[in-house]
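Working notes for the structure below.
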There are 2 protein chains.
Amino acid sequence: MGLSSLRVEDTVGQGTLAAVAEPKYWHLRTVLLRTMDTEFSTGQVLPNERELSARFGVARATLRQALDQLELEGRLVRRRGIGTLVAAPRVGIPVGGRQSGRAAAAHAAQEWKVVDCTTGPATAALARTLGLAEGDQVHTVRRLRTVQGVAVAAESLHVPSAALPHLAVVVDGGDRARGVLRQLERLGVDGESRSVELGVAEAAEAALLERPPGTPVLVVTTQYAAAGRLAAVAVSTYRADTCKLTFGESGAAVQVASAVPVSAAAVS
Amino acid sequence: MGLSSLRVEDTVGQGTLAAVAEPKYWHLRTVLLRTMDTEFSTGQVLPNERELSARFGVARATLRQALDQLELEGRLVRRRGIGTLVAAPRVGIPVGGRQSGRAAAAHAAQEWKVVDCTTGPATAALARTLGLAEGDQVHTVRRLRTVQGVAVAAESLHVPSAALPHLAVVVDGGDRARGVLRQLERLGVDGESRSVELGVAEAAEAALLERPPGTPVLVVTTQYAAAGRLAAVAVSTYRADTCKLTFGESGAAVQVASAVPVSAAAVS
DNA sequence: TAGTGGTCTAGACCACATT
DNA sequence: ATGTGGTCTAGACCACTAA
């Protein structure tokens, strides 16, 4: 019957008791999820919001609350002026593996594209994480990571200028970025330490990622150590809607049908 | 002046032109963020929503949209019947490092608490990721990870029963969990491969995490390899509001003031 | 009992993309 | 011009916590 004309009340009491009084939007999400899995395929557009809210007998705001959840799970993509589409499964994005230094560098050069490079005093927060005094000069390289043409992450790489004594100061923005990256590579990175947390994209990153401000992102903070000291910090924001970050020793892992992810929901 | 009686219109045009027409809720988020950073401290309760919406001259729904963003960023905690509190910085949670097998096992035993253990046929999705046929028997151990008394993650560890031939079938739930974990340890895990993505907690996990359904979580999927074959898959859901997942070689990393995280916003 | 956040409604208007 | 999702309003009632 698909997205039928059922009202929410009709589907809420599978048994005789409504029991715990599940919120409407949550129940709606479940119904939509089941419908999408069984009767829709990737890229297909759902009926519009006014239509859906009418069919389920709820206000549009309530329906939107359900769609918000599904979008957060990466199951939906909403495009203004177009409609609501069933999303493709998330792409697995390798994040810093255990590749050898050379391979990693070549890899990075391929996938990351420098946006700009600035040098200025460290903010208080940045100074803390880099172990500097507030106001110390820091090079910041902004880069964009694209996979098959689509932007998946924006990164700010912060390097204390004190760590790169051989960098000519006179070079301009475009060349300076290359200089910073080259010198950092020459330092020889001993180890990397990463953290992942949830965040939202500010205006600047959002623009680079071609998403509206407030878009949920996975914030990956990487600390690069060289010669026992913290040489650089990179803050990368990955689009949470389309990205699944993958870690692991390259090749050592057993790859079995990684294309179809097991969601926590599907398993339980 | 703090959370003054300013209306949103009064703070929108710092220059002469409102320019890009930023949504009210987004601007509101920025104002609240600045206010929290400068005039509030961890654990402090903000004025209630009706009060705040009146002060800023917006509808309560609009204010709530701004609070939703801040909550997603882990800056706010909202408690029904209590109020809205300024959240503590996220806790760094070590996720599978490069500790030696013995240390890791001891560590796991300490922090993870078994909830229950079931055995049954694999769902289609699970069978795919484990490389089994649909319906093959799989042991599932549900565990809860707590840090200093608070639940931070719920996990489902799936092990094909074919991989544990020496497991007595007669043992009941509580003992079976121990048996599965012990046998898995004996197998000797060669490597681990992980992925991290954004998800929402279903009813079951939400209850374990002491959060309402729909709570955003970081879903960590770990594939355990033994003797070149995929021996087990663990799906762990970490509370995104309070957790920052940390990866890395234990001790190798340079630890500088990790207590105060650098948000993407603060740096840029 | 009073106060809080959570849910829900029925509208309105706007920004954007297509035709 | 039309149709889409995005924003915003002004209310209402509910569920929970505390005094």
Side-chain angles (χ1 to χ4, degrees), chain A residues 7-9 12 18-30 32 44-72 76-87 200 203 206 210-216 241, chain B residues 7-9 12 18-30 32 44-72 76-87 200 203 206 210-216 241:
Chain A
R7 308 188 82 252
V8 172
E9 289 78 9
V12 75
V20 290
E22 196 177 42
K24 279 187 186 177
Y25 77 88
W26 185 255
H27 179 248
L28 247 182
R29 165 195 168 274
T30 306
L32 286 169
Q44 204 168 347
V45 302
L46 299 182
N48 71 56
E49 297 182 350
R50 290 162 180 88
E51 169 90 23
L52 282 177
S53 57
R55 287 198 197 176
F56 287 104
V58 300
R60 190 179 157 215
T62 303
L63 172 78
R64 279 182 61 81
Q65 216 174 338
L67 295 182
D68 286 344
Q69 291 281 345
L70 292 169
E71 190 176 33
L72 202 64
L76 286 183
V77 178
R78 295 195 273 189
R79 295 200 195 144
R80 164 144 51 176
I82 305 289
T84 302
L85 295 77
V86 178
V200 303
E210 298 165 346
R211 297 255 60 198
T215 299
D241 56 348
Chain B
R7 309 187 83 250
V8 173
E9 290 78 9
V12 76
V20 292
E22 195 177 42
K24 279 188 187 177
Y25 78 88
W26 185 256
H27 179 247
L28 207 45
R29 165 195 169 274
T30 306
L32 287 169
Q44 204 167 349
V45 302
L46 299 182
N48 70 56
E49 298 182 350
R50 291 162 180 85
E51 170 89 23
L52 281 177
S53 58
R55 287 199 197 176
F56 287 103
V58 300
R60 191 179 156 213
T62 304
L63 173 78
R64 279 183 61 81
Q65 215 174 337
L67 295 182
D68 286 344
Q69 290 282 345
L70 292 169
E71 190 176 33
L72 202 64
L76 287 183
V77 179
R78 295 195 273 189
R79 296 204 195 140
R80 177 167 6 198
I82 305 289
T84 302
L85 294 75
V86 178
V200 303
E210 298 165 347
R211 297 255 61 198
T215 298
D241 57 347

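Lettering follows sequence order; numbering is per chain, from 1. Values below: every heavy atom of this structure, side chains too, minus hydrogens, waters and symmetry copies.
- One interatomic measurement links the two molecules: CG of B:Leu52 to P of C:dG3, which rounds to 17 Å at whole-angstrom precision.
- Test B:Arg29, B:Arg78, B:Arg79 against B:Glu71 for salt bridge (Lys or Arg N to Asp or Glu O under 4.0 Å) and you get one pass: B:Arg78.
- Between the NE2 atom of A:His27 and the P atom of C:dC8 there is a distance of 12 Å, rounded to whole Å.
- Checking the phosphate oxygens (OP1, OP2) of D:dC8, no side-chain nitrogen or oxygen of B:Tyr25 falls inside 4.0 Å.
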Could you list the protein-to-nucleotides 13-15 of chain D atom pairs, N/O on both sides, closer than 3.5 Å?
unit_1 : atom_1 : unit_2  : atom_2 : d
D:dA15 : O4'    : B:Arg80 : NH1    : 3.2

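- Between A:Leu72 atom CG and A:Leu67 atom CG the span is 12.5 Å, to the nearest 0.5 Å.
- The nearest whole Å value for the distance from the CG atom in A:Asp68 to the P atom in C:dC8 is 13 Å.
- Spacing between atom CD of B:Glu22 and atom P of D:dG6 amounts to 18 Å, rounded to whole angstrom units.
- Picking from D:dA18, D:dC8, C:dG6 the nucleotide with the shortest atom distance to the side chain of B:Arg78 gives C:dG6.
- A:Arg64 comes within contact range of at least one nucleobase, with a heavy-atom separation under 4.0 Å.
- To the nearest 0.5 Å, atom CG of residue B:Leu52 and atom CG of residue B:Leu32 are 6.5 Å apart.
- Residue B:Lys24 holds its NZ atom at 12.0 Å from CG of B:Leu63, rounded to the nearest 0.5 Å.
- For B:Arg64, the salt bridge (charged side-chain N to carboxylate O under 4.0 Å, His left out) partners are B:Glu49, not counting sequence neighbours.
- For A:Gln69, there are no side-chain hydrogen bond (donor to acceptor under 3.5 Å, both in side chains) partners, not counting sequence neighbours.
- At the phosphate of C:dT4, OP1 or OP2 sits under 4.0 Å from a side-chain N or O atom of B:Asn48.
- One can place CD of B:Gln69 at 13 Å from C1' of D:dG6, the figure rounded to the nearest angstrom.
- Looking at which nucleotide of DNA chain C each of A:Pro23 and B:Arg79 is closest to, the 5′-most match is held by B:Arg79.
- Taking atom CD on A:Glu51 and atom P on D:dG3, their separation rounds to 12 Å, with Å as the unit.
- Atom CZ in B:Phe56 sits about 17 Å away from atom C1' in D:dC8, given to the nearest Å.
- Note that CG of A:Leu70 is 8.5 Å distant from OG1 of A:Thr30, once rounded to the nearest 0.5 Å.
- Listed pair B:Thr84 / C:dG5 meets the phosphate criterion, a side-chain N or O lying under 4.0 Å from OP1 or OP2.
- B:Leu28 has its CG atom 9 Å from the P atom of D:dC8, to the nearest Å.
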